[in-house]
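Remember, it's a predicted structure, so these values are computed and weren't measured experimentally. Reminder, nothing fancy here: chain letters follow the sequence lines and each chain counts from 1.
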Protein chains: 2
Amino acid sequence: MELFTYYRSTSSYRVRIALALKGLDYQSVAVNLIAAGGGEHRQPHYLKLNPQGRVPALRTDDGDVLTQSPAIIEYLEERYPQPPLLSDNLITRAHERGVASVIGCDIHPLHNVSVLNQLRALGQGEAHVTQWIGHWISSGLATIEQLIGDSGFCFGPQPGLADVYLIPQLYAAERFSVSLAGYPRIARVAQLAAQHPAFINAHPSRQPDTPA
Amino acid sequence: MELFTYYRSTSSYRVRIALALKGLDYQSVAVNLIAAGGGEHRQPHYLKLNPQGRVPALRTDDGDVLTQSPAIIEYLEERYPQPPLLSDNLITRAHERGVASVIGCDIHPLHNVSVLNQLRALGQGEAHVTQWIGHWISSGLATIEQLIGDSGFCFGPQPGLADVYLIPQLYAAERFSVSLAGYPRIARVAQLAAQHPAFINAHPSRQPDTPA
């Protein structure tokens with residue numbers, strides 16, 4: 001498999017964690033979103049692969065190209081079910097996917113670089129952009145603190161789908177200097193992930209395209 | 001089952017379509033997002049049900065409360081597999097979920113009422129808010145036009161997950177006066193859905209809480 005990824009993209013980071021948790025080998029193909037000329041994601045050869053011009057994209061061993069991290073991760077779960085990212089209990093699965101959706105739909109889309117650039121295009125200064133980012137991350141994490149469990153990873157002793165989404169979101173929070181104080185459950189999950197090889201190896205600081 | 005819904009909420013509308021396509025009975029519980037006092041979704045009794053204070057939420061027959069439309073719809077697909085919303089081909093499933101994610105992550109979150117209000121709180125006038133909405137809907141639909149098939153619904157003769165997301169997004173586009181010209185595949189799907197009972201019955205104009 002080939003993963004088209006950018007080291008700092010949190011949706012790429014999700015897929016890297018999922019691949020690592022499942023012990024799947026892949027080739028990392030860097031797509032530099034800040035390369036000269038508007039970024040490699042806007043170049044014709046990448047747009048041919050992914051018409052939306054976003055990362056990540058996954059090319060399977062059969063040559064199929066999949067886009068959108070939620071779809072890629074569900075594919076990996078179905079194609080390579082062990083170890084599972086989702087519980088076998090349907091209600092728990094819905095709760096796990098619920099946390100993933102809070103992050104994937106209600107937090108991350110609002111601080112995506114394209115959104116921040118659009119805010120700037122509307123004349124917002126950096127102070128307002130920072131306020132905007134903090135608002136969405138903080139309100140989303142406050143929700144998640146109420147949805148996850150009291151021990152282990154988000155939903156138990158093994159990491160799963162919710163953790164795959166949460167850890168990259170915490171990385172983004174730190175990058176944007178959003179306070180993570182006041183979320184003891186989330187802090188507990190972050191501590192566990194910081195010691196787990198799959199999360200360590202998927203981290204933006206350790207990718208082939210991470211700047212020196 | 002009880003569905004906590006608001007007639008005009010496009011994420012509620014998705015779940016209504018999914019329930020209708022599967023022929024599932026449910027009780028509709030209206031949550032008026034524009035009721036006096038900041039909306040019923042912000043009242044303590046609703047926040048106890050859904051700490052995030054958003055619609056939709058689904059209470060199952062066993063009393064479990066599920067939130068976030070992507071998680072609810074995947075639950076319905078797993079709990080009530082017939083008729084299926086997803087192909088049994090893993091790659092097609094990923095493409096179906098990919099279209100759902102373009103809408104659920106890259107379009108809808110950016111014109112959610114909470115986001116538009118946050119834009120206004122940053123001092124944006126209505127002209128800029130309208131420009132913002134149009135930008136995200138138009139660029140998202142242009143992507144989707146390239147991802148869906150050449151006949152039938154988005155991915156074949158029967159409606160599925162991608163259609164469940166697309167039709168409410170088109171309703172939002174019309175509500176916000178965003179042009180739908182130039183998307184012949186999307187227009188074809190919209191025409192088919194307009195004649196399909198599940199889509200007709202789930203429409204915002206036909207809900208118990210639709211204003212007279």
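Most heavy-atom pairs under 4.5 Å with chain B: of the set A/His135, A/Glu74, A/Arg97, A/Arg93, this distinction falls to A/Arg97. The candidate with the highest count of non-hydrogen atom pairs below 4.5 Å against chain B, out of A/Ser114, A/Ala100, A/Gly123, is A/Ser114. When each of B/Leu66, B/Asp106, B/Asp64 is checked for heavy-atom pairs under 4.5 Å with chain A, B/Asp106 comes out on top.
For residues 139-166 of chain B, the interface with chain A (any heavy-atom pair closer than 4.5 Å) comprises B/Thr143, B/Gln146, B/Leu147, sorted by residue number. Taking 4.5 Å as the heavy-atom cut-off, none of the residues of residues 183-193 of chain A approach chain B.
Within a 6.0 Å sphere centred on CZ of B/Arg120, other residues, nucleotides and ligands contribute more than 12 heavy atoms.
Contact detail for B/Ala71 and A/Ser101: the closest heavy-atom pair is N-OG, 4.2 Å. Scanning all heavy atoms of the two residues, the minimum distance from A/Gly98 to B/Gln68 falls at O-CG, 3.5 Å.
Residue A/Glu96 does not touch chain B at all, counting heavy-atom pairs closer than 4.5 Å. Heavy atoms of A/Thr67 lying under 4.5 Å from chain B belong exclusively to its backbone. Contact of A/Val99 with chain B is not made at all, since no heavy-atom distance falls under 4.5 Å. Neither the backbone nor the side chain of A/Ser69 comes within contact range of chain B, judged by heavy atoms closer than 4.5 Å. Contacts of A/Arg79 with chain B are made by both backbone and side-chain atoms, with heavy-atom separations under 4.5 Å.
Atom-to-atom distance recorded for B/Leu110:CG and A/Cys105:SG is 11.0 Å, nearest 0.5 angstrom. Between A/Gln131 atom CD and B/Gln118 atom CD the span is 6.5 Å, to the nearest 0.5 Å.
Applying the ring-ring contact (aromatic ring centres under 6.0 Å, His included) test to residues at least two apart or on different chains, the pairs with a partner in residues 53-111 of chain B are B/His108-B/His111, B/His111-B/Phe176.
The ring pair (Phe, Tyr, Trp, His ring centres under 6.0 Å) search around B/Trp132 returns A/Trp132, B/Trp136, not counting sequence neighbours.
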Going through the checks in order, is the side chain to side chain contact (heavy atoms under 4.5 Å, CB included) test met by A/Ile91 and B/Thr60? CA-CA 9 Å; A/Ile91 297 298; B/Thr60 70; 4.2 Å; yes
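Of the possible polar contacts, one joining the A/Gln124 side chain to the B/Leu122 backbone as a donor-acceptor pair under 3.5 Å is found.
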